[in-house]
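Notes to accompany the following structure.
All of these numbers come straight from a predicted model, not from anything done at the bench.
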Amino acid sequence: RNEDSNRGLSSVYNNMGLIEQDLGNYPRAISYFSYAMVNDEAAHDMSSKSLTLGNLGTVYLYKGQYSRAKNYFHQALLMGQKTGNSEAIGNALNNLGLVHLDVHRFDSALIFFRKAKALSRAQNDNYGLAIACINSALALAGMSHTDSAAYYFNEALPIIESLGDPDLEIEYLIHASDLDLQMKDYSMALQKLLSAQKINNRLEQKKKSAEIFRRMGIALARYQNPLHALEYLRLSQRIAMTHGLMPELAATYEELSLAFGQNNDYDSAKFYMEKFAELKAYMFGPAADTLTNINMASQKNMQRPRTFAIFLKIGLSLTLFWILMLVIPRWVRKSKKA
């Protein structure tokens with residue numbers, strides 16, 4: 001009886017954690033998932049624990065704490081394999097792929113996604129199959145295999161339509177818009193993002209809001225509408241900052257730099273490049289797993305730019321290199337006119 005009670009409590013705490021996760025209340029989500037795991041252990045239910053471990057890992061993935069997330073996903077995978085929990089195995093494979101995807105290891109991400117896809121197909125798990133198809137498309141797009149990425153998105157679409165799940169629909173719309181942006185079809189990207197936001201108005205998922213607004217800002221900036229782009233990018237920045245979504249915040253800083261450059265505000269463009277590089281250095285440096293303790297108020301302290309010499313100390317990504325190529329010639333022209 002006690003074990004049944006503990007199983008019930010684990011289910012309740014996991015569901016409460018998922019609600020808090022959607023609302024962006026990550027400390028509460030972590031607490032609820034931790035309570036769930038205590039009850040999993042009390043019930044000697046390792047199958048349930050494998051799912052709880054995956055839930056914990058997802059929160060840390062959202063926060064950009066990749067080592068900690070990866071550790072939870074590995075535990076979930078091993079425990080899922082021991083208990084024969086195919087759902088936990090599939091979730092863990094997809095989540096491990098997402099860790100690799102976030103750090104641009106597209107080849108290794110695709111290996112995990114293909115394993116998840118094969119498992120879902122074997123288990124007749126259409127939900128898992130749709131997720132694996134979307135994730136595979138993202139990895140292929142990252143490798144510039146746009147035709148293959150489109151194939152996987154098209155494979156996912158009828159499955160998603162048949163399931164009628166709003167979470168899946170919004171996931172598809174957001175990430176299919178990434179391919180539209182990559183293909184420079186900004187009108188189609190905006191259509192998908194507006195549809196995604198319409199769904200998210202009901203779901204109220206904070207991470208999804210930040211993702212949608214950032215992509216809308218990107219599309220509008222490429223549409224040569226930098227002022228409206230800045231409005232959406234600042235919305236994304238505010239949400240990411242409030243809820244500690246480090247990867248999303250870094251991506252938004254990068255796009256803010258571009259948008260300010262387009263708007264001829266070179267000081268702000270330079271400033272956001274610095275913020276981008278600073279946050280990336282934290283995320284991938286030795287202190288990466290202590291990001292939760294970083295004072296987010298320091299990210300809100302938007303004073304004048306500090307020295308640009310930080311870029312001499314940080315190995316800039318290829319993306320940042322192209323930002324510099326865009327903005328520096330304009331600074332030079334501006335100084336010549338002066």
Side-chain angles (χ1 to χ4, degrees), residues 7 10-11 13-18 20-22 26 29-30 32-41 43-140 142 152 156 159-160 163 165 167-168 171-172 175 205 207 247 288-289:
R7 286 193 184 94
S10 173
S11 178
Y13 284 131
N14 265 311
N15 287 329
M16 291 174 72
L18 290 170
E20 295 295 344
Q21 179 179 290
D22 285 348
Y26 297 124
I30 290 170
Y32 283 129
F33 292 144
S34 298
Y35 295 149
M37 186 143 46
V38 169
N39 282 278
D40 289 333
E41 290 171 351
H44 307 289
D45 190 343
M46 297 302 102
S47 181
S48 177
K49 185 179 177 181
S50 63
L51 292 169
T52 306
L53 286 164
N55 289 338
L56 273 166
T58 300
V59 178
Y60 289 111
L61 177 65
Y62 287 178
K63 293 171 72 62
Q65 297 187 29
Y66 298 120
S67 294
R68 188 171 292 184
K70 191 175 179 181
N71 180 47
Y72 278 118
F73 295 147
H74 271 303
Q75 290 184 60
L77 178 61
L78 292 173
M79 199 163 292
Q81 289 169 337
K82 284 181 180 178
T83 59
N85 188 330
S86 59
E87 181 184 355
I89 296 168
N91 289 348
L93 289 169
N94 270 308
N95 286 327
L96 285 166
L98 289 174
V99 173
H100 287 262
L101 189 73
D102 267 16
V103 297
H104 292 186
R105 294 174 185 161
F106 302 117
D107 288 337
S108 52
L110 189 58
I111 292 170
F112 284 110
F113 297 146
R114 283 178 170 164
K115 287 180 179 179
K117 185 184 177 190
L119 177 64
S120 296
R121 195 182 294 280
Q123 296 291 327
N124 294 315
D125 176 9
N126 283 335
Y127 188 98
L129 181 60
I131 289 291
C133 285
I134 293 170
N135 289 340
S136 298
L138 291 174
L140 288 161
Y152 275 98
I159 303 170
I160 294 166
L163 292 172
D165 186 286
D167 284 309
L168 266 182
E171 198 76 19
Y172 168 82
H175 294 302
Q205 295 183 7
K207 182 175 183 288
D289 276 343

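- Between Y152 and A137, the shortest heavy-atom contact is CB-CB, 3.8 Å.
- One finds the CD1 atom of I30 at 11.5 Å from the CG atom of N55 (value rounded to the nearest 0.5 Å).
- With a 4.5 Å cut-off on side-chain heavy atoms, E87 and L51 count as touching.
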List the steps and the verdict of side chain to side chain contact (heavy atoms under 4.5 Å, CB included) for Q81 and L78. CA-CA 5 Å; Q81 289 169 337; L78 292 173; 3.9 Å; yes
Verdict with supporting geometry, D167 and Y127, side chain to side chain contact (heavy atoms under 4.5 Å, CB included): CA-CA 10 Å; D167 284 309; Y127 188 98; 4.2 Å; yes
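- Residues G80 and S50 approach most closely at N-CB, 3.7 Å, considering heavy atoms.
- Judged purely by atom type and a 3.5 angstrom limit, T58 uses its side chain to pair as donor or acceptor with the backbone of G54.
- Using a distance-only test at 3.5 Å, with no hydrogens or angles considered, a donor-acceptor pair links the side chain of S108 to the main chain of R105.
- Nearest heavy-atom pair across S10 and A36 is OG-O, 3.4 Å.
- Considering OG of S120 and CG of N91, their distance stands at 8.5 Å, rounded to 0.5 Å.
- Between Y60 and Y72, the ring-plane angle classifies as parallel under the 30° and 60° cut-offs.
- Contact detail for G17 and A29: the closest heavy-atom pair is O-CB, 3.5 Å.
- Counting only distance, with no hydrogens or angles, the side chain of N71 and the backbone of S67 share no donor-acceptor pair below 3.5 Å.
- Between K117 and N135, the closest side-chain pair of non-hydrogen atoms is not below 4.5 Å.
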For the pair K207 and Q21, evaluate side chain to side chain contact (heavy atoms under 4.5 Å, CB included) and give the outcome as yes or no after the intermediate values. CA-CA 9 Å; K207 182 175 183 288; Q21 179 179 290; over 6 Å; no
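- The line from CD of Q75 to OG1 of T52 is 12.0 Å long, rounded to the nearest 0.5 Å.
- Between Y32 and Y35, the two ring planes are perpendicular [angle over 60°; tilted spans 30° to 60°].
- In this structure the side chain of F33 reaches within 4.5 angstrom of the side chain of N14, judged on heavy atoms.
- Side-chain contact between F113 and L93 is absent, with no heavy-atom pair separated by less than 4.5 Å.
- The CG atom of L138 sits 11.5 Å away from atom SG of C133, with the distance rounded to the nearest 0.5 Å.
- Atom CG of L129 sits about 10.5 Å away from atom CG of L119, to the nearest 0.5 Å.
- Scanning all heavy atoms of the two residues, the minimum distance from N94 to G128 falls at ND2-O, 4.3 Å.
- By the 4.5 Å heavy-atom criterion applied to side chains, K49 and M79 are counted as neighbours.
- For the 3.5 Å distance criterion, the side chains of D102 and Y66 qualify, holding a donor opposite an acceptor.
- Between N126 and the options I160, L163, I131, a side-chain contact (heavy atoms from CB on, under 4.5 Å) holds for only L163.
- Side-chain contact between Y13 and D40 is absent, with no heavy atoms from C-beta onward closer than 4.5 Å.
- More than 12 non-hydrogen atoms from other residues, nucleotides or ligands lie less than 6.0 angstrom from CZ of R7.
- Between A109 and G97, the shortest heavy-atom contact is CB-O, 3.3 Å.
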